[in-house]
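To keep things clear, I will list the structure first and then write my remarks on it.
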Amino acid sequence: MSRLLWNGLGKLKRRDFLKACTILTAAMGLPVEMVDKVAAAIKSPQRPPVIWLHFMECTGCSESLLRASHPDIARLILDIISLEYHETLMAAAGKQAEEVLEASVKKYKGRFICVVEGAISTKDGGVYCKIGGRTSLEILKDVASQAKAVVAVGTCACFGGVQAAHPNPTGAVGVGKIITNKPLINVPGCPPNPYNILGTLVYILTFGKFPELDKYRRPKFGYGRRIHDQCERRPHFDEGRFVEQFGDEGHKKGYCLYKVGCKGPVTYANCPVVRFCDVGVWPVGSGHGCLGCTEPDFWDKMEPFYEHLPGVEVPGGQGIISKADKVGKVALGAAAVGIAAHATAGVVKKIAHKEKEE
Amino acid sequence: MMAYKRIKVWSVLLRLFHWAFALSIVTLCITGYYIHNPFALGPWEGTPTTFIMAKTRLIHFIAGFIFIAAVIVRFYLLFFGNRFERFTDFVPITPRNFKRLLATIKHYLYLSDEHVPHGGHNPLAGTVYLVMLLLSILMIFSGLFLLFPESSFWVGWGKTLFGTQQSARLVHYFFFWVFLVFSLIHVYLVVWNDIFGCEAIVSSIFSGRKFVRSDKH
């Protein structure tokens, strides 16, 4: 399939191939001596095929891979991993496409890597996402059960993403909630950095095992450190220079975005180091705070995006969200009023007592 | 004429705990609020550097470790301190403590004039102190999770207790307000007890000694 689509654009040159291998090796945090090993693994004819499933998502993760300004990445993914099924990229459609899926699953049973992009609907039997008459839930269970390993790409596939945000009308969940008996890696992000997607796949190809994972099953080479600790604006934070509002003098000078709600201090990702689109851009570099898109439930927990802390759910109230500041100030005020009332009562009592004695 | 005698209640270690705890809370609240909302801007480019945020954070972390040490000392004293310092003296788990708890509440509500002679903590205060100690553990774990984002030990605990760093940050900030409210009420009630009671409760945390009625016991 990949040959069919890309042969017309020319084959990958060896020089470009090695360049891409080097970038990937660096992205995985491996030393330069490993480049040969990575290149050998990628060229090996025994490399495991990939079946790429799309569920409830915007295809932004595939876009992030393919629209990278470095064309090598797009060609690399098609040349290095044998992509057997990818709804966006494949030439086949409709019934033919479904036949390809069935045939590839059968042919590579127990050997292929199942990449999932998008969340899975679970409410009402999963009817909110259907492909070829089958629900996403059925397809995932069917395909993943025969895969060697599952890689969830993007925040939707990892944690449910935007459609899992409160009140989650379709019961969207990430792959990890459904597939519990298969090795799983989460590569979150909205979209994830293409090098993290490729790095994960190539790591499995090269070493035949998973990279080191954190508690949310994210590869540590991409999600082991917080954005804040690697940020180019960090010196401004330490020096106390902040953007007070968008467009002010501090913003023009590139100061720290902490006070306008940057979630870099609580988000694990390598965006400041690897960056996007091969031209060195990333949100904070472009003057917008981090939204924390690689963290679980970021649509609920990182909101409001332009404030430091999330809302506080007031117990008892239905969906009432308040600011921690406000709750705290009200509590402090109430305590002060209580103390004043208590002290006044004490004074009144003493006076009354004295009058009685007289 | 009522007769009083002076007895030793608080050991040196408990008094050291109290002041380490109190002063570290004051420092942590001030520096912590600054870290949450850096109200004073640092110098603009071209002026000598101050690293105000970096230094505030350093003070916050030092005070944090003093706070941790103080909490560990208090937990030790809960089990191995003198008889006034042990949890058995003030937690309402015995009929005696429970009766005293009700008497204290009545006294605080001006419903009774009788000042219960506790010696150590009254059960109401003691229970609140115990709750604050437990909340301190929450503050310590959320704080260390935020401070050591790459340590597998603290990240493991942090994710088990709080989930993401953002949730830990919210917990850490929210309980800052609880400590603030606690401090306010604590200082008020101690002064109130000093006026209405006869134990000389304020000076007891310096001298370790309280006055108790000698004709009743």
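Every chain is numbered from 1 and lettered A, B, ... according to where its sequence line falls, protein lines coming before strand lines. Keep in mind that what you see is a predicted model, and the values were worked out from it rather than measured.
- With a threshold of 4.5 angstrom between heavy atoms, A:Ala343 approaches chain B through its backbone and through its side chain.
- From B:Leu184, atom CG reaches atom CD1 of A:Ile339 across 4.0 Å, with rounding to the nearest 0.5 Å.
- Taking a 6.0 Å sphere around CD of A:Glu212, one finds it holds 12 or fewer heavy atoms contributed by other residues, nucleotides or ligands.
- If you measure heavy-atom distances from A:Lys301 to chain B, the contacts under 4.5 Å come from both the backbone and the side chain.
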Hey, mind stepping through B:Lys159 and A:Asp214 against salt bridge (charged side-chain N to carboxylate O under 4.0 Å, His left out) and telling me if it holds? CA-CA 10 Å; B:Lys159 282 184 179 165; A:Asp214 76 354; 3.6 Å; yes

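- Under the 3.5 Å distance criterion, with hydrogens and angles disregarded, a donor-acceptor pair is assigned to the side chains of A:His342 and B:Tyr188.
- For CH2 of B:Trp157, the number of neighbouring non-hydrogen atoms (other residues, nucleotides, ligands) closer than 6.0 Å is 12 at most.
- Put simply, the side chain of B:Tyr110 gets close to the backbone of A:Gly346: a donor and an acceptor are under 3.5 Å apart.
- In this structure, A:Glu239 contributes its side chain and B:Thr50 its backbone to a donor-acceptor pair below 3.5 Å.
- Residue contact with chain A, scored on non-hydrogen atoms closer than 4.5 Å, is absent for B:Leu58.
- Looking only at atom types and distance, the side chain of B:Ser152 has no donor-acceptor partner in the side chain of A:Lys215 under 3.5 Å away.
- In this structure, the separation between OG1 on B:Thr56 and CG on A:Asp238 is 10.0 Å, given to the nearest 0.5 Å.
- Residues A:Lys259 and B:Pro38 are in side-chain contact: their nearest non-hydrogen atoms beyond the backbone lie under 4.5 Å apart.
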List the steps, then state whether ring-ring contact (aromatic ring centres under 6.0 Å, His included) holds for B:Tyr173 with A:His308. CA-CA 11 Å; B:Tyr173 180 67; A:His308 187 62; 7.7 Å; no

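- Under the 4.5 Å side-chain criterion, counting only non-hydrogen atoms from C-beta, A:Thr267 is not in contact with B:Gln166.
- When all heavy atoms of B:Met53 and A:Phe242 are compared, the closest pair comes out as CE-CZ, 3.8 Å.
- The side-chain heavy atoms of A:Val266 and B:Thr164, taken from C-beta on, include no pair separated by under 4.5 Å.
- How far OG of B:Ser167 is from CE of A:Met302: 7.5 Å, rounded to the nearest 0.5 Å.
- Within the cation-pi definition used here (under 6.0 Å to the ring centroid, within 45° of the axis), A:Lys350 qualifies as a partner of B:Phe196.
- Minimum heavy-atom separation, B:Ile52 to A:Gly240: CG2-CA, 3.9 Å.
- Side-chain contact between A:Tyr258 and B:Asn37: absent, with no pair of heavy atoms (C-beta onward) separated by less than 4.5 Å.
- Neither the backbone nor the side chain of A:Phe298 has a heavy atom closer than 4.5 Å to any heavy atom of chain B.
- Looking at A:Val327 and B:Trp177, their side chains never come closer than 4.5 Å, going by heavy atoms from C-beta outward.
- The number of heavy atoms from other shown groups lying within 6.0 Å of NZ (A:Lys349) is above 12.
- Residue-environment remark: CZ (B:Phe61) exceeds the threshold of 12 foreign heavy atoms within 6.0 Å.
- Within the 4.5 angstrom heavy-atom criterion, no atom of A:Asp297 approaches chain B.
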Please lay out, stage by stage, how A:Asp229 and B:Glu150 fare under the test side chain to side chain contact (heavy atoms under 4.5 Å, CB included). CA-CA 10 Å; A:Asp229 299 332; B:Glu150 287 160 41; 4.2 Å; yes

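- Rounding to the nearest 0.5 angstrom, the gap separating the CG atom in A:Asp325 from the CZ atom in B:Phe174 is 11.0 Å.
- Both the backbone and the side chain of A:Lys329 come within contact range of chain B, judged by heavy atoms closer than 4.5 Å.
- A donor-acceptor pair is defined here as one N or O able to donate and one able to accept, closer than 3.5 Å; such a pair exists between the side chain of A:Arg226 and the backbone of B:Leu146.
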